[in-house]
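Throughout, a chain's letter reflects where its sequence line sits, starting with A, and its residues are numbered from 1.
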Protein chains: 2
Amino acid sequence: MENITDKKRAIFESTLVLVKEKGFHGTPMSQIAKNAGVAAGTIYHHFDSKETLILELYSYIRDKMLDAMLQLDNEAMNYKDRFFNFWISHCLFYIKNPNALFFMEQFVNSPYSNRDPLQDNERFQNTFRDLIKTGVETGVLKSVNSLILSALIHGTIVNTAKIHLCRRINMGQAELQQIVELIWDGMRNIPNASKV
Amino acid sequence: MENITDKKRAIFESTLVLVKEKGFHGTPMSQIAKNAGVAAGTIYHHFDSKETLILELYSYIRDKMLDAMLQLDNEAMNYKDRFFNFWISHCLFYIKNPNALFFMEQFVNSPYSNRDPLQDNERFQNTFRDLIKTGVETGVLKSVNSLILSALIHGTIVNTAKIHLCRRINMGQAELQQIVELIWDGMRNIPNASKV
DNA sequence: GCTTCCCAAATGAACGTTCATTCGGTCGGC
DNA sequence: GCCGACCGAATGAACGTTCATTTGGGAAGC
């Protein structure tokens with residue numbers, strides 16, 4: 001029942017795991033091939049080069065994440081619940097897919113991410129940004145540049161997942177909830193807030 | 001008037017710039033040497049290997065950062081001011097030393113950072129953690145695991161600096177101040193906070 | 001003061017390895 | 001028998017590292 005796509009996926013998964021463990025530099029194409037159960041040459045039937053493979057893997061992961069996000073989002077919820085739901089489900093996605101998280105983190109901090117226009121990256125960022133923008137415009141969130149706000153919030157999500165995964169700090173639903181509350185307290189607009 | 005240390009520093013600086021631009025993988029020793037104005041072999045008089053060079057550069061940067069932090073900290077301040085001062089000066093350090101920031105970010109997301117015990121890394125993390133711990137213990141900050149809190153806050157600092165450096169969002173003292181306020185609102189303990 | 005010797009610092013061509021990529025060939029479906 | 005998918009040994013370039021050699025300056029001997 002193995003078709004073309006399955007082989008491609010095997011290559012993707014193999015690359016993902018190896019890059020997480022060894023970094024881009026430390027993962028030879030030969031080992032990607034071996035772990036994927038294919039020959040070295042086969043990779044070049046599916047991808048032009050190692051760089052292309054990495055770039056396409058990035059898009060692949062990004063799309064998988066976007067799907068997961070959109071599936072869990074519920075526009076009918078009130079804003080706070082939607083914010084919480086979004087934050088937590090996003091965070092849980094990272095926690096459940098550590099390979100994806102570490103790959104993404106390495107990727108965005110590498111020269112790969114600057115070579116490509118990454119234009120359709122926009123769709124991913126916008127999904128998130130729109131939620132924040134709505135919050136700012138309706139006065140639920142603080143009146144801060146929504147680009148800055150969404151980047152900050154995304155940072156807290158990634159960070160929380162990393163803390164959970166790297167340090168040995170037990171972090172269940174309760175702790176996650178505590179952290180979102182904290183983020184929310186920072187981001188939300190406090191009408192009666194006038195002090196020196 | 002050039003002594004041993006100057007050569008080492010030249011190698012460090014050269015590595016820092018190249019790693020930022022091209023990543024660990026993309027910076028050959030030969031180019032590090034060329035940009036530092038030394039011969040390839042010279043690097044090996046000062047460092048055992050490329051890995052050692054990277055590891056030592058990491059320590060070098062970390063210590064420079066620690067010095068900058070400690071110099072600006074003022075234990076006599078009241079807690080909130082001290083928190084703000086710390087956050088902002090830390091953030092400004094990153095903004096003024098983008099090469100250091102991007103190097104560190106690449107480093108911690110690379111396999112290098114797991115190979116080494118990094119025991120004296122503790123001293124760096126503790127400086128920050130102690131400030132947060134004090135806040136939690138005196139009830140100024142929310143009663144959350146201080147390890148988590150300090151990691152979260154450090155994340156916001158790094159993130160803010162990156163937003164400033166990567167996106168073209170103008171971010172002066174005023175915007176920075178706005179962001180710390182926001183972080184502070186999230187982290188501080190709100191005594192009369194009981195709601196559902 | 002001059003010469004000699006010494007050694008650490010520095011050099012850069014050469015080496016051996018590793019790795020991305022290529023290519024001639026096999027196999028199975030149509 | 002043709003075609004696309006797949007294989008894996010072969011290739012060649014790039015890279016980290018080595019080493020025989022040069023350089024420069026300071027100490028010792030006279």
Output the rounded distance in Å from [atom1] ([X]) to [atom2] ([N]).
X: A:Y44; N: C:dG24; atom1: OH; atom2: P; answer: 17 Å
X: B:I32; N: D:dG16; atom1: CD1; atom2: C1'; answer: 11 Å
X: B:M29; N: C:dA13; atom1: CE; atom2: C1'; answer: 17 Å
X: A:H25; N: C:dC19; atom1: NE2; atom2: C1'; answer: 10 Å
X: A:I43; N: D:dC6; atom1: CD1; atom2: P; answer: 12 Å
X: A:L53; N: C:dT21; atom1: CG; atom2: C1'; answer: 13 Å
X: B:F24; N: D:dA14; atom1: CZ; atom2: P; answer: 23 Å
X: A:K50; N: C:dC19; atom1: NZ; atom2: C1'; answer: 8 Å

Among side-chain atoms of B:T160 and B:W87, is any donor-acceptor pair under 3.5 angstrom? no
Counting side-chain heavy atoms from CB outward, which of [options] is closest to [X]?
X: A:P28; options: D:dC6, C:dA20, C:dA10; result: C:dA20
X: B:T42; options: C:dA10, D:dT18, D:dC15; result: C:dA10
X: A:A40; options: D:dA9, C:dG12, D:dG16; result: D:dA9
X: A:A39; options: C:dT11, D:dG8, D:dT17; result: D:dG8

Using a 4.0 Å heavy-atom cut-off across all strands, classify A:T52 as base, sugar-phosphate, or nothing.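 Nothing, no nucleic acid heavy atom in range.
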Salt-bridge contact A:D67-A:K64 (side-chain N to carboxylate O under 4.0 Å): no
Lys/Arg-Asp/Glu bridge criterion (N-O < 4.0 Å) met for B:K142, A:E181: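 Not counted as a salt bridge, because no side-chain N and carboxylate O are separated by less than 4.0 Å.
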I'd like to know if B:H45 reaches the base of C:dA9 with its side chain, counting only an N/O donor and acceptor under 3.5 Å.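 No, no donor-acceptor pair under 3.5 Å.
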Near-ring test A:Y112/A:F24, centroid separation under 6.0 angstrom: yes
Step through the shown structure and confirm whether more than 12 heavy atoms of other residues, nucleotides or ligands are within 6.0 Å of NZ on A:K20. yes
